[in-house]
Amino acid sequence: MIEVDAVIIGGGIVGASAALFLGKTGRRVALLERDFCGSHSSGVNYGGVRRQGRPLSQLPLSQKAHAIWAQLPQLIGINGEYQRSGHLKLARSLNDLHALQDYADSSQGFGLDLQVLDRAQLRARFPWVGDVAVGASYCPDDGHANPRLVSPAFAQAARRHGAQVHEQCVVTSVEHDGQRFRVRTQTGLEVHAPWLLNCAGAWAGNLAAQFGEPVPMHSGHPAMLVTEPLPLVMNASTGVEGGGIYARQVARGNCVLGGGQGFALDNARARPGQSAVLEILRQAVELYPFLEGAQAIRTWSGTEGYLPDRQPVIGHSRTQPGLLHAFGFAGAGFQIGPAVGQALTEIICSGASKTSLDAFSITRFHSISVA
Amino acid sequence: MKSVVIIGAGPAGIRAAQTLVEHGVRPVLLDEAARGGGQIYRRQPANFKRSAVKLYGFEARKANALHQTIDTLREQLDYRPETLVWNAEDGTLDTLHDGHAARLEFSKVIVATGATDRILPVPGWTLPGVYSLGAAQIALKFQGCAIGERVVFAGSGPLLYLVAYQYAKAGAKVVAVLDSSPFSAQARALPGLLSQPATLAKGIYYRGWLTAHGIAVHQGATLNRIDGEQRVQSLKWSDSNGQHQLDCDAVAFAHGLRSETQLADLLGCEFAWNPLNRAWLPTRDNAGRSSIAQVYLAGDGAGIMGADAAEMAGERAALALLEDIGYLIPPQRPAQLEQSLKRIGDFRQGLERAFAFPEHWAAEVADDVMVCRCEEVRAGDIREVVREGHWEINRVKAHCRVGMGRCQGRMCGAAAAEIIARESQRPVSEIGRLRAQAPIKPLPFGLEIEA
C-alpha cells in the first residue's frame, strides 16, 4: 500500500504535468497510467501549440500555458522540437476572413498579437499558400512541437521530481472511505490519497459517473498523416477557419497534416480511415500546392474526449470533495495541458487556481441527463 | 457486388485464382507488379527474350507452368496488375493504380503478399553497390543486370547459394560466398532437411557447383563491414581464423526472408509469435483461414515456406474459401495438400537450423550503424531510448523514429526488434509488435479519386 498526497489517473500531458508541478512543490504523487505515458492523444495529436482560435474563455489559461512552453527545456529536459513558428489561420471566403477579423477584435487584450492579412499581404508573406485562401489571421508566437517526445517527457520529468509513475497499470477500483481515496490496480497496487485527479482523457467519463456526475462525452478520432521529408517551405503552422485541414512542417522537412475523423478500432485504438486520408490529400494540394506529387508515408489517429460544447471539464467535483477533474479537451489539450496541470496543483497547494476555471465546471452538465 | 479478391499474383495468388476459376468463381486478382509470377518467378519485360531455363534454372518448369496458368486464366479473372493495395478496412480494400485511388468491396479475400529479405545491417550497408539478396536476384531476373562485376554474397538462407549460383552462371564474377551459419549447424540440420531430398539436393548442387568453379565458399563467416568512398570497394569479414579483406564492387546480403504482414494486420487478423520465423505472424488454420471469417492467408506472407508451399497453400486456401461459401469440396485434395504442406514445414525446421539466425548480431552491431535508412536512426539511438526505460517497440519507434519512414519498418523492423530485445534483456517475442499503418507504401498527393 502506498500513501501519497495525490493520486493521478492518466499519464497524458495533463496528468503528467500535474504530477510534475506537484512533485516540484514536494507533494507525494502517484501517477497511474493504463498504457504508457503520453502514448494516446497527448502523444499522437497533431502537435499544434496554438492559442489562436480557442474560445475566449480558454485564453487566460492558454496564456499561462504559453509562458510554461517558453520554459520547456528547463521544465522537462528536452526542447521537444518546440518552435514558435507562428500560426496562420487561413480563410477560404470573405465571410471566413470576417470571422477571423471578429476573433482578432474580440481576443484583443489577451496578448495574442493577431495580424489579419488580406490576400495580397498573405501572398507576400506566405507565398506557399494556395490561391483558395483569400486571407488569413497570423499569430506570430504560436507554434508547434513534437507530441511524441513532449508528452512522455512530462512524465519523465515528474519522475525526476519524485512522482511515482506506474505504467501499464490499469485502475480496477476507486473508493472514498470518508477521508481519502483508495485506488486499486490490476497490478496489485493500492494507493491511498486525500486528492484524486481524474485526468483520464477520453476515458475519464467512467470515473466521473462513478462519483455521481456523468458527462455526455464522446470519443473523436482525428485523422493525421505525414509526408516524406520535403524542402523547407512552410514557415508557419496552419489551420483553416471553419474547419478543414491543418498542416505544419517540422525541421526535418516532413509535413504533418490532419483533418477529418477516423474510426475506433476498439476502446483505446483508432485509425484514420480511407475517406479522411483521401480528403486530406485532396484539400492539401489546394491549400499548399507545393505538396502536389509529394508522398504521404504514414497515417495515424488517436482517441480524444469531446463534450457537447467542446470545452473541457476542469476543477472540483461537486459530488466528491478531493476529486478534481481535467478532461474533455476536444482535441485541443496539448498546448493548454501544462497550464491545467499547474492549475490543479494550485488548487491542491493553495486552495484555488490563480486562473478562473468557472467556465469549465462539471456542474454545467449536472442538469443534463446522460443516456 | 462484393468480390472475391486475391492480393498478390505470385505462386500462392495464381494457384488460388486458378482454383477459384476452376470452380466457376471469377476473382479479382490484384498485384503490384506489371506481370504475374511474384518475386521468385518474376518475369522479364515483354520485349526481353531470355529462355526460362536461363532465368529460372531448375525452377524453369515450375515458373513456366505458373506463367502459363496466369496467361491462360487472364480472361476468366478480373486481373489488375500494377495495383497497390494501400489500405484495408471494414470489408473494403483501397487501391492505387496509375495515380487513381479506388475502393474495392470484398466478400472474401485471400492475402498472398509474399516476403522481402530480412536485413541485419553492417557498417557500410547503405553504400551504393550493396543490395539485398532478393534485390540482386530481381536485377538479374527482371532486367538482366548484375549488381556489379565483382560481387560478394553474404548472410544466410537458401537464397544465398541460389543467387550466387545464378550470378556465376550469368557470367558475373562471384568473389566469394560468406555464409554466417557454421558448418556444424548444417550437419545437425541434415536429418530434417532429408524430408525434402530434391530441395536439399539443389542446395547441395549450388554449393558444389560454386566450389567446383573455384568460387570461395566460407562457412561460419561474419560480414563485419563494407567499405568504399562513393560505392563499395572492399569488405571485411571474419571467421575462426581471424579477419579477412576482399575487394569487390558489389555486395548482396540478407539473413533469410520476412513475411509481408501489414495487410493482414490492417484487415484485423490476430497475430501470434512464431519462433521458427522469429516474427509475429497472422494466425491461420491448416487450410489458411485467418482469425477473420472473410480473410484467408497463403504463401510466404503468412510465414516463410517457399514457392512450392506457396502454390499448395494458395490452392488450399481457395478450396477452404469455396467450402465456406457453400461449395462441396471432396476431402482428398485438401488432405493431400495439407500433408504436403506439413512435410515442407518439417523441412523448414531443418532449414532454420541449417541457416541459424545470428543471435550475436544485436549485441555486436556498433552504435553508429544505420539501422533505419528512411529516418536515419542508428543502433545507438535505439539503445539510448531503451536505456531511458522504453522496451515496447512502438514506444521506441515513437521516441527515436525507427520504422517511421517510407518503408514503415518493413526493412528495419526485424533488426530494430533484435536490438531492443538485447538492450532491454527481454526475449524478442516480449517487446511487442510494430503496428501496421496505412498507407502500406507511400501514397501521392494529387491522386485522382474514383467515386
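All chains are named by letter (A, B, ...) in the order of the sequence lines, taking the proteins before the strands, and each is independently numbered beginning at 1.
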Nearest non-hydrogen partners of A:G38 and B:R395, listed with the distance:
O-NH2, 3.5 Å
So which part of A:C255 gets closer than 4.5 Å to some heavy atom of chain B, the side chain, the backbone, both or neither?
neither
If you count heavy-atom pairs within less than 4.5 Å of chain B, which of A:G43, A:A284, A:G273 leads?
A:G273
Apply side-chain contact (heavy atoms from CB on, under 4.5 Å) to residues A:W300 and B:Q437 and explain how you reach the verdict.
CA-CA 7 Å; A:W300 71 96; B:Q437 286 161 320; 3.5 Å; yes
Contact check, side chains of B:R401 and A:R252, non-hydrogen atoms, under 4.5 Å:
yes
Has B:R373 got more than 12 heavy atoms of other residues, nucleotides or ligands less than 6.0 Å from its CZ?
no
Which atom pair, heavy atoms only, marks the closest approach of A:T299 to B:P439?
CG2-CD, 3.7 Å
Of the backbone (N, CA, C, O) and the side chain (C-beta and beyond), which part of A:Q156 lies under 4.5 Å from a heavy atom of chain B, both, or neither?
side chain
Return yes when atom CD of B:Q230 has more than 12 non-hydrogen atoms of other residues, nucleotides or ligands closer than 6.0 Å, and no otherwise.
no
Which bit of A:L225 is near chain B, if near means a heavy-atom gap under 4.5 Å: side chain, backbone, both or neither?
side chain
Donor-acceptor pair, distance only, cut-off 3.5 Å: does the side chain of A:R271 make one with the backbone of B:L266?
yes
For B:G405, does its backbone N or O pair with a side-chain atom of A:E228 as donor and acceptor, under 3.5 Å?
no
Proximal to chain A - members of residues 81-99 of chain B, heavy-atom separation under 4.5 Å
B:W86, B:N87, B:E89, B:D94
Residue pair A:R282 / B:I449: nearest heavy atoms and the distance that separates them
CB-CD1, 4.4 Å
Go through the steps for A:R148 and B:M404 under the test side-chain contact (heavy atoms from CB on, under 4.5 Å), then give the verdict.
CA-CA 12 Å; A:R148 286 185 287 108; B:M404 269 195 179; 3.3 Å; yes
What I'd like to find out is whether the side chain of B:E375 reaches to under 4.5 Å of the side chain of A:I297, using heavy atoms alone.
yes
Looking at B:A101 and A:L278, what are the two nearest heavy atoms and their distance?
CB-CD2, 4.1 Å
Whatever's closer than 4.5 Å to a heavy atom in chain B on A:V277 counts as side chain
Examine whether an atom of A:Q168 lies under 4.5 Å from a heavy atom of chain B, and if so say whether it belongs to the side chain, the backbone or both; otherwise answer neither.
side chain
If I measure from the heavy atoms of chain A, does B:C374 come under 4.5 Å with its side chain, its backbone, both, or neither?
backbone
Side chain to side chain, A:F36 and B:N394, heavy atoms closer than 4.5 Å
no
Please report the closest heavy-atom contact between A:T227 and B:F445, naming both atoms and the distance.
CG2-CE1, 3.4 Å
Please classify the contact between A:L257 and chain B as side chain, backbone, both or neither, with a heavy-atom cut-off of under 4.5 Å.
side chain
